[in-house]
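Please read the structure below before turning to the comments.
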Amino acid sequence: VEAASRIGDVDRDLVTQQKLAAHAETVDALRQVLDEVDEDKTGTVSRQEMENTFEHPKTMAHFEILGLEAHEVMTLFTLLDKDGQNQVDIEELLSNMMSMKGAATGIDMATMMYESNRFYSVLSSDLRNLEDQLDYLISYINATTGMSMAPSMSMSAGTASAPLTAMTESDDTTEAI
């Protein structure tokens, strides 16, 4: 019985080592592909460089091994290009591609929902604070200038860029400011 248990431990260790080796090989192969994609050798991949890779069967084969299609790779690129400069760091792209390997798990989906809700809460709070500051500013301007200013629409009603209107006391005319 003890010998069978040791054989089971050895088998488990062997499977773990094989999986780690396969993962390392996939990472190395994908890193090589992305290094080839980086034509100007800046350590980043441009949108154009990424789009050009879809013409190469070898590159597409590596993406397919990860279970990624061209449109998914481009969506990932867009998500990672936070500053809109059409450049993504190779290591960041590699890391995210590897995390996308296979189907999303329940914890992946729960994490995304949590992050989305957290972001929405922070954004909503910031918007309320901004509205409060705008109301205070309008009150201050009204009190110090004798003008009657009011937002033409509430920002929380969906128009954050609504113009302010001012009404002068002397001639009862309204003008956009």
Side-chain angles (χ1 to χ4, degrees), residues 1-133 155-161:
V1 172
E2 189 175 314
S5 176
R6 278 186 272 150
I7 290 173
D9 289 343
V10 170
D11 286 345
R12 206 170 337 167
D13 290 343
L14 184 60
V15 168
T16 300
Q17 289 174 356
Q18 288 173 340
K19 285 186 178 187
L20 290 173
H23 179 79
E25 286 176 24
T26 302
V27 169
D28 289 342
L30 189 53
R31 182 176 283 116
Q32 271 186 322
V33 169
L34 292 174
D35 284 341
E36 290 172 16
V37 170
D38 180 20
E39 296 168 358
D40 54 2
K41 305 303 178 208
T42 59
T44 61
V45 176
S46 71
R47 180 173 299 280
Q48 187 61 49
E49 288 172 330
M50 183 57 73
E51 289 172 351
N52 292 344
T53 65
F54 301 129
E55 299 170 9
H56 303 290
K58 177 184 171 188
T59 304
M60 292 309 300
H62 283 288
F63 292 156
E64 287 174 10
I65 288 170
L66 293 175
L68 298 173
E69 295 182 24
H71 70 91
E72 293 171 319
V73 172
M74 289 313 298
T75 299
L76 177 62
F77 184 94
T78 300
L79 291 171
L80 295 176
D81 183 23
K82 297 174 191 101
D83 60 3
Q85 297 294 315
N86 291 323
Q87 296 280 328
V88 174
D89 180 75
I90 287 177
E91 291 302 316
E92 182 180 17
L93 188 57
L94 175 64
S95 171
N96 281 276
M97 283 179 159
M98 291 303 296
S99 69
M100 288 179 61
K101 183 178 180 182
T105 64
I107 193 68
D108 293 331
M109 297 305 293
T111 300
M112 288 178 59
M113 287 173 46
Y114 170 79
E115 291 290 328
S116 178
N117 288 335
R118 194 173 121 261
F119 178 73
Y120 179 77
S121 294
V122 169
L123 192 58
S124 294
S125 175
D126 288 349
L127 182 57
R128 283 190 298 276
N129 289 337
L130 184 60
E131 287 175 334
D132 291 344
Q133 291 174 3
M155 286 175 42
S156 59
T159 57
S161 61

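Heavy-atom basis, side chains included; hydrogens, waters and symmetry copies ignored. If you're wondering where the values come from, they're calculated on a predicted model, not measured in any experiment.
Put simply, the side chain of E25 does not reach to within 4.5 Å of the side chain of D28, judged on heavy atoms. In this structure the side chain of E91 reaches within 4.5 angstrom of the side chain of R31, judged on heavy atoms. In this structure, F63 and E69 have side chains that are not in contact, with every pair of non-hydrogen atoms separated by 4.5 Å or more.
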| Are L76 and E72 close enough, and set up right, to give a side-chain contact (heavy atoms from CB on, under 4.5 Å), and what steps lead you there? | CA-CA 6 Å; L76 177 62; E72 293 171 319; over 6 Å; no
Derivation of the side chain to side chain donor-acceptor pair (under 3.5 Å) call for Q48 and N52
CA-CA 6 Å; Q48 187 61 49; N52 292 344; 2.9 Å; yes
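A salt bridge links R118 to E115: at least one charged side-chain nitrogen sits closer than 4.0 Å to a carboxylate oxygen.
If you take OH on Y120 and OG on S125, they are separated by 11.5 Å, rounding to the nearest 0.5 Å. One distance of note links CG of D38 with CE of M50; it measures 10.0 Å at 0.5 Å rounding. Taking NE2 from H56 and CD from E36, the interatomic distance works out to 9.0 Å, rounded to the nearest 0.5 Å. Annotation: the span from D35 atom CG to L94 atom CG amounts to 9.0 Å, rounded to 0.5 Å. Taking CG of D126 as the start and OG of S121 as the end, the distance is 10.5 Å to the nearest 0.5 Å. To the nearest 0.5 Å, atoms CD1 (I90) and OG1 (T42) are separated by 6.5 Å.
For the pair F77 and V45, the tightest heavy-atom approach, listed with the atom from each and the gap, is CE1-O, 3.2 Å. When all heavy atoms of T44 and E49 are compared, the closest pair comes out as O-OE1, 3.6 Å.
Heavy atoms of other residues, nucleotides or ligands lying less than 6.0 angstrom from NZ of K41 number more than 12.
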When the side chains of residues 78-85 are checked against the rest of the protein, which donor-acceptor pairs come out under 3.5 Å, sequence neighbours left out?
from: T78; atom 1: OG1; to: R47; atom 2: NH1; distance (Å): 3.4
from: T78; atom 1: OG1; to: R47; atom 2: NH2; distance (Å): 3.3
from: T78; atom 1: OG1; to: M74; atom 2: O; distance (Å): 3.0
from: D81; atom 1: OD1; to: G84; atom 2: N; distance (Å): 3.4
from: D81; atom 1: OD1; to: Q85; atom 2: N; distance (Å): 3.1
from: D81; atom 1: OD1; to: N86; atom 2: N; distance (Å): 3.3
from: D81; atom 1: OD2; to: N86; atom 2: N; distance (Å): 2.9
from: K82; atom 1: NZ; to: E92; atom 2: OE2; distance (Å): 3.1
from: D83; atom 1: OD1; to: Q85; atom 2: N; distance (Å): 3.1

